[in-house]
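First up is the structure itself, then whatever we jot down about it.
Excluded from the calculations below are hydrogen atoms, water molecules and symmetry mates; all remaining heavy atoms, backbone and side chain alike, are included. Here the structure is a predicted model, which is why all the values come from computation and not from measurement.
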Amino acid sequence: MEVSNKYIVIKHHFEDAPKESDFEIKTEALGLSVEEGSDDMIVKNLYISIDPFQINRMKSFSASQDAISYSTRITPGKAIDGAGIGKVVASGNNKFVKGDLVLGVFTWAEYCLVKERTIMRKLEPSEFPLTYHLGVLGLGGMTAYVGFFELCKPKRGEKVFVSAACGSIGSLVGQYAKLFGCYVVGCVGSQNKVAFLKDKLGFDDAFNYKEEIDQSSTLRRYFSEGIDIYFDNVGGKMLEAVIDNMNIFGRVAVCGATSEYIDIRKRASLDLVNVIYKRITIQGFLTPDLMIHHFQNFMIKTSNYLRTGELQVTEDISLGIKGIPSAFVGLFNGSNIGKKIVKLVEEEE
């Protein structure tokens with residue numbers, strides 16, 4: 001059997017904020033069979049994870065492209081790969097059979113030919129929705145957990161600031177911090193999101209950075225006693241302002257730099273005298289480096305929080321392969337709240 005398989009590509013490398021016109025939907029014939037014993041598989045994608053780090057793979061060059069295997073540069077006209085959940089429709093691999101639900105690195109496509117070395121694991125029946133494995137129980141949740149607990153090493157009662165606090169990672173960091181007993185403030189890009197953080201996620205306070213002229217004085221209003229921990233998702237001027245307001249022995253976990261991804265003129269210029277004399281620790285991190293040692297604790301604690309309802313999950317789900325470009329673009333114009341996912345087909349199909 002053969003299908004007409006739609007997949008997403010970039011037309012060219014780009015350096016600024018993405019536009020839907022930078023992407024294209026292509027179609028090619030794909031046979032739904034594999035050679036027995038080949039270890040190859042055909043996976044029908046159910047859900048595609050939409051993640052902001054992918055923009056650095058779409059540039060002609062980024063330092064991230066040489067850092068780790070999943071951040072290599074994307075070739076224009078070639079299918080884009082990323083995290084997804086799918087169903088095996090054909091398998092030559094004795095570890096997987098037709099009908100298995102799998103989590104792995106697949107292409108932004110309706111169907112994906114999966115080779116032996118592709119990162120993939122079988123998803124067993126669970127009490128939680130499948131999509132949680134792309135967010136709160138996946139790489140994003142792990143990023144929030146290890147970034148906050150292992151890098152920031154919080155103490156109860158400390159003052160925590162989270163940028164991009166309505167995003168898939170920031171929204172979880174703030175909740176972990178509150179559950180641990182910290183004072184938490186988040187910044188976002190709209191008043192609706194401010195209300196969401198305070199009313200839905202339990203942040204102590206929040207502000208709309210677009211309505212503030214001087215970020216440093218804004219932070220002084222919310223942190224009169226200074227900031228102990230900053231979970232940074234945006235970089236740029238906000239990071240500069242945080243350093244101005246950081247306490248002695250403050251810690252900064254640098255998870256992302258979305259403001260710098262789309263405008264190099266917004267790169268942070270830090271006051272190093274502040275960093276030195278306040279003895280501030282600033283550390284960038286990649287979650288796969290920490291997964292081996294902390295994954296089990298993360299899964300146990302997070303699953304328990306989900307069962308008790310102490311951790312709220314927010315997902316922003318679009319529909320259909322054609323919705324992938326707009327979903328990705330939306331990450332950079334602030335249209336999403338929570339984990340961004342594109343749903344392609346029903347699980348039971």
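- The shortest side-chain heavy-atom distance between I48 and I341 does not fall under the 4.5 Å cut-off.
- Under a 4.0 Å N-O distance rule, the pair R251/E158 qualifies as a salt bridge.
- In this structure, the side chain of H13 engages the main chain of I74 through a donor-acceptor pair within 3.5 Å.
- No side-chain N or O of E240 forms a donor-acceptor pair with one of S269 less than 3.5 Å apart.
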Kindly indicate, with the supporting measurements, whether the criterion side-chain contact (heavy atoms from CB on, under 4.5 Å) is fulfilled by L134 and L139. CA-CA 7 Å; L134 293 177; L139 194 62; over 6 Å; no
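- In this structure, I280 and V252 have side chains that are in contact, with non-hydrogen atoms separated by less than 4.5 Å.
- With 3.5 Å as the limit, one finds no donor-acceptor pair spanning the side chains of S49 and K340.
- Summarising the geometry of A144 relative to L172, their closest heavy-atom pair is CB-CB, 3.8 Å, with the distance given to 0.1 Å.
- Within the 3.5 Å criterion, the main-chain N or O of Y47 finds no donor-acceptor partner in the side chain of N45.
- S216 and D214 form no side-chain donor-acceptor contact under 3.5 Å, judged by distance and modelled atom types alone.
- Counted within 6.0 Å of CD on Q296, heavy atoms from surrounding residues, nucleotides or ligands total 12 or fewer; the atom is thus considered open.
- Within the structure, salt bridge (Lys or Arg N to Asp or Glu O under 4.0 Å) pairs that include any residue of residues 190-203 comprise K198-D205 (at least two apart or interchain).
- Considering NZ of K343 and CG of L319, their distance stands at 7.0 Å, rounded to 0.5 Å.
- The shortest side-chain heavy-atom distance between N274 and L272 does not fall under the 4.5 Å cut-off.
- Within the structure, the ring pair (Phe, Tyr, Trp, His ring centres under 6.0 Å) test picks out the following pairs touching residues 17-46 (sequence neighbours left out): F23-F328.
- Distance check, rounded to the nearest 0.5 Å: CG of L32 to CG of L30 gives 6.0 Å.
- Listed by chain and number, the residues in a salt bridge (Lys or Arg N to Asp or Glu O under 4.0 Å) with K155 amount to none (sequence neighbours excluded).
- Counting only N and O atoms by type, the side chains of S71 and Q65 include no donor and acceptor under 3.5 Å apart.
- A 4.5 Å side-chain heavy-atom check between L123 and L130 finds at least one atom pair inside the cut-off.
- Criterion: ILVMFWY side-chain heavy atoms under 4.5 Å apart, direct or through other members. Under it, Y183 and L201 are not part of a common hydrophobic cluster.
- Applying the side-chain hydrogen bond (donor to acceptor under 3.5 Å, both in side chains) definition to pairs two or more places apart or across chains, those involving residues 20-34 are H12-D22.
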Show your working on side-chain contact (heavy atoms from CB on, under 4.5 Å) between V43 and V89 and close with a plain yes or no. CA-CA 6 Å; V43 171; V89 296; over 6 Å; no
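- For F53 and Y70, the distance between ring centers is under 6.0 angstrom.
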Carefully, step by step, assess R220 and D244 under the rule salt bridge (Lys or Arg N to Asp or Glu O under 4.0 Å). CA-CA 9 Å; R220 280 194 291 274; D244 289 342; 6.0 Å; no
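- Salt-bridge annotation for K115 and D40: present, with a side-chain N of the basic residue lying under 4.0 Å from a carboxylate O of the acidic one.
- Hydrophobic clustering (ILVMFWY, side-chain heavy atoms < 4.5 Å, transitive): I248 and I282 are in distinct clusters.
- Residue I337 holds its CD1 atom at 8.5 Å from CG of L197, rounded to the nearest 0.5 Å.
- Looking at residues two or more places apart in sequence or on another chain, you find no side chain to side chain donor-acceptor pair (under 3.5 Å) involving K6.
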Quiz: residues 223-232 side-chain donor-acceptor pairs under 3.5 angstrom, not counting sequence neighbours:
{"from": "D228", "atom 1": "OD1", "to": "N247", "atom 2": "ND2", "distance (Å)": "3.0"}
{"from": "D228", "atom 1": "OD2", "to": "K159", "atom 2": "N", "distance (Å)": "2.8"}
{"from": "Y230", "atom 1": "OH", "to": "S163", "atom 2": "OG", "distance (Å)": "3.0"}
{"from": "Y230", "atom 1": "OH", "to": "D232", "atom 2": "OD1", "distance (Å)": "2.8"}
{"from": "D232", "atom 1": "OD1", "to": "V234", "atom 2": "N", "distance (Å)": "3.0"}
{"from": "D232", "atom 1": "OD1", "to": "G235", "atom 2": "N", "distance (Å)": "2.9"}
{"from": "D232", "atom 1": "OD2", "to": "G235", "atom 2": "N", "distance (Å)": "3.4"}

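- Note on residues 97-110: pairs passing salt bridge (Lys or Arg N to Asp or Glu O under 4.0 Å), not counting sequence neighbours, are D100-K122.
- Put simply, the side chain of Q215 never gets that close to the backbone of A241: no donor and acceptor are under 3.5 Å apart.
- Put simply, the side chain of R57 never gets that close to the backbone of T75: no donor and acceptor are under 3.5 Å apart.
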Under the criterion side-chain contact (heavy atoms from CB on, under 4.5 Å), I'd like the reasoning laid out for M120 against F96: C-alpha separation, chi angles, the key distance, then a yes or no. CA-CA 10 Å; M120 189 169 76; F96 301 91; 3.7 Å; yes
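- Residue pairs satisfying the side-chain hydrogen bond (donor to acceptor under 3.5 Å, both in side chains) criterion with at least one member in residues 275-288, sequence neighbours excluded, are listed as follows: T143-T287.
- To the nearest 0.5 Å, atom CD1 of residue I321 and atom CH2 of residue W108 are 9.5 Å apart.
- No path of Ile, Leu, Val, Met, Phe, Trp and Tyr side chains, each step under 4.5 Å between heavy atoms, connects Y261 with M238, placing them in separate hydrophobic clusters.
- Looking at residues two or more places apart in sequence or on another chain, you find a salt bridge (Lys or Arg N to Asp or Glu O under 4.0 Å) between R221 and E212.
- At a threshold of 4.5 Å between non-hydrogen side-chain atoms, the residues N233 and V254 do not count as touching.
- K59 NZ: more than 12 foreign heavy atoms inside a 6.0 Å radius.
- Applying the side-chain hydrogen bond (donor to acceptor under 3.5 Å, both in side chains) test to residues at least two apart or on different chains, the pairs with a partner in residues 165-177 are Y176-T302.
- Proximity of K339 to D51: side-chain heavy atoms (C-beta onward) are separated by under 4.5 Å at one or more points.
- Of the possible donor and acceptor atoms, none in the side chain of N245 sits under 3.5 Å from a partner among the backbone N and O of L219.
- No single ILVMFWY cluster, assembled from side-chain heavy atoms under 4.5 Å apart, contains both F161 and V188.
- F14 is listed as a side-chain neighbour of I10, based on a closest heavy-atom distance under 4.5 Å.
- For the salt bridge (Lys or Arg N to Asp or Glu O under 4.0 Å) condition, the pairs that include at least one residue of residues 125-152, sequence neighbours left out, are E127-R307.
- Membership of an apolar cluster is not assigned to V97, as no side-chain contact below 4.5 Å to another ILVMFWY residue is traced.
- Cation-pi contact between R156 and F180: present, with separation from the ring centre below 6.0 Å and deviation from the ring axis of at most 45°.
- At least one side-chain heavy atom of F128 sits under 4.5 Å from a side-chain heavy atom of L306.
- By the rule that hydrophobic residues join a cluster once side-chain heavy atoms approach within less than 4.5 Å of another member, L151 and M142 end up as members of one cluster.
- At most 12 heavy atoms of other shown residues, nucleotides or ligands fall within 6.0 angstrom of atom NZ in K237.
- Atom CD1 of I324 and atom CD1 of I80 lie 8.0 Å apart (nearest 0.5 Å).
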side-chain contact (heavy atoms from CB on, under 4.5 Å) evaluation trace for V194 with F203: CA-CA 9 Å; V194 168; F203 280 53; over 6 Å; no
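- Remark: Y305 OH to I300 CD1 distance equals 12.5 Å, nearest 0.5 Å.
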